[in-house]
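Comments concern the structure below.
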Amino acid sequence: MPEGLEAEIWRRAAQPLVGRVIHQAWADHRVAPDGFVDQLVGRRIDAVRRVGKVVLVDTDGATLGLHLGMTGRLEVDGAAPIDRLEYSSGADLAEWDRLRLWTDIDPKRVCALRMNDPRRLGRLSLDADLTAIGPDALTLDTSQLVERLVGRRAAIKALLLDQSVVGGLGNLCVDEVLFWSGVAPNRAADELTLDDLDRITAACRERLASMLAAGGSTNGMLSPALRAARGVCPLDGTALERATIGGRTTIWCALHQR
DNA sequence: CGGCATGTTTCGCC
DNA sequence: AGGCGAAACATGCC
């Protein structure tokens, strides 16, 4: 489920953790660095932030990074801000837990913070270097995008998915942004006009904000249901195109995206 | 059973 | 050297 929008939803939901002290921690060692638990127990949570798709828990010691991968989800005090994964049944087995944190104040007597990830593509980090992640999609402006695209000739979709170009965009959001921008995903980045890039950054700010308010990445016009159904363009009724671009399944309208 | 899935990293080829 | 595409990772679900 996690693109930047989901990470933002979880970041907001985790704010009640700020000020608490971590009393106990458990992690699946296969997805956590050595010494993980020892570096967190006894630490006070100072802030919960987000960089791109990564949720960061700052403590008075290390900063815990939650990289949700393809199927990771979070619960705070036993509540899941996003309860169902789009491409899974909604099952939530204890054996899929990758992180459990308890604090000095656990109102519901359950984990203050729990990460559950069936597919185990997610990771836990401590003081990870995230400096390579580009400007955030939710506030992206055209000058930032131009700067990051200089010298790049790959398909615009592949570059928007690259976290070092723009932070937070995943497969669904990129398709949605390009859909509203009227730019075809297979266009070479160096052939786009400034006007194209303006429409892309405007779509990032406006459409992503509205998807965030609606609950996340699955709330675009190109819904997962429409993607799977191989339907028609909701704007003009043209049969949607489908191809692999940037290594990911891509949906677009060849009539209004050029 | 075959194929697909909201992601990232690695490898080899230009 | 660095950009780029394909493969690998790991597992569940239809």
Side-chain angles (χ1 to χ4, degrees), chain A residues 1-10 28-33 50-55 65-74 80-98 115-125 128-130 132-134 137-138 148-179 185-190 204 207-208 211-212 214-230 242-251:
Chain A
M1 192 173 259
E3 298 191 26
L5 297 185
E6 283 67 36
E8 177 61 19
I9 289 168
W10 287 319
D28 183 333
H29 66 85
R30 293 172 297 180
V31 301
R50 176 182 68 85
V51 174
K53 300 174 184 175
V54 187
V55 177
L66 304 166
H67 312 248
L68 285 304
M70 199 87 95
T71 54
R73 42 196 294 286
L74 296 182
I82 301 167
D83 52 24
R84 179 137 318 198
L85 299 165
E86 185 61 34
Y87 298 106
S88 75
S89 66
D92 180 12
L93 306 188
E95 68 189 77
W96 296 338
D97 279 0
R98 308 302 169 202
M115 175 172 149
N116 183 271
D117 177 19
R119 211 166 141 184
R120 213 207 311 152
L121 288 172
R123 290 292 179 271
L124 300 168
S125 67
D129 178 9
L130 303 177
I133 295 181
L138 281 163
R148 297 281 173 156
L149 290 181
V150 168
R152 309 297 296 268
R153 308 172 66 175
I156 184 61
K157 163 146 181 177
L159 295 175
L160 291 174
L161 279 174
D162 182 341
Q163 297 301 292
S164 69
V165 174
V166 178
L169 291 178
N171 198 41
L172 297 184
C173 285
V174 168
D175 279 5
E176 185 76 13
V177 162
L178 291 173
F179 177 85
N186 52 7
R187 287 283 303 285
D190 61 342
C204 281
R207 297 309 307 172
L208 295 179
M211 291 164 80
L212 176 61
S217 305
T218 59
N219 293 278
M221 193 74 87
L222 298 179
S223 66
L226 179 60
R227 299 176 69 89
R230 309 194 176 208
R242 185 187 187 90
T244 298
I245 300 173
R248 311 295 298 280
T249 297
T250 304
I251 301 294

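Every chain is numbered from 1, with letters handed out A, B, ... down the list of sequences.
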If you round to the nearest 0.5 Å, how far is CG of A:L66 from CE of A:M115? 6.5 Å

Would you kindly give the CG-to-C1' distance between A:L93 and C:dT11, to the nearest whole Å? 12 Å

Would you kindly check whether a donor in the side chain of A:R119 faces an acceptor in the base of C:dA10, or vice versa, at under 3.5 angstrom? yes

A:H67 NE2 to C:dA10 C1', straight-line distance once rounded to whole Å: 18 Å

Side chain of A:L121 (C-beta onward), nearest among C:dC4, B:dG7, C:dC13: B:dG7

Against the side chain of A:A158, the closest entry in C:dG5, C:dC4, B:dG7 is C:dG5

Donor-acceptor contact below 3.5 Å, side chain A:E3 vs main chain A:K53: no

To the nearest angstrom, the CZ-C1' distance between A:R120 and B:dT9 comes to 16 Å

When rounded to the nearest Å, what value does the distance between P atoms of B:dT9 and C:dA1 take? 22 Å

May I have the distance from A:I245 (atom CD1) to C:dC4 (atom C1'), rounded to whole angstrom? 15 Å

At under 4.0 Å between heavy atoms, what does A:R242 touch on the DNA or RNA strands: base, sugar-phosphate, or nothing? sugar-phosphate

Mate of C:dC9 across any strand shown (Watson-Crick or G-U wobble, both atom pairs under 3.5 Å) is B:dG7

Using a cut-off of strictly less than 4.0 Å, decide whether A:W96 has a side-chain nitrogen or oxygen near OP1 or OP2 of C:dG12. yes

d(CZ, A:R227; P, B:dC4) in whole Å: 13 Å

For C:dC4 and A:R152 - does any side-chain N or O of the residue sit under 4.0 Å from the phosphate oxygens OP1/OP2? yes

Where the side chain of A:N219 meets the backbone of A:G216, is there a donor-acceptor pair that is under 3.5 Å apart? yes

Comparing A:R248 and A:R230 on DNA chain B - which has the more 5′ nearest nucleotide: A:R230

To the nearest Å, give me how far apart NZ (A:K157) and P (C:dC4) are. 16 Å

Between C:dA8 (P) and A:M70 (CE): distance, integer Å: 16 Å

Using a 4.0 Å heavy-atom cut-off, does A:R123 contact any base of the nucleic acid, only the sugar-phosphate backbone, or nothing at all? nothing

Whole angstrom value for the distance that separates C1' of B:dT8 from CG of A:D162: 11 Å

Within 6.0 angstrom of A:R242 CZ, more than 12 heavy atoms from elsewhere: yes

Interatomic spacing from CZ in A:R153 to CG in A:L159 - rounded to 0.5 Å: 12.0 Å

OP1 or OP2 of B:dA5 sitting under 4.0 Å from any side-chain N/O of A:T249? yes

Using a heavy-atom cut-off of 4.0 Å across all strands, would you classify A:L222 as base, sugar-phosphate, or nothing? nothing

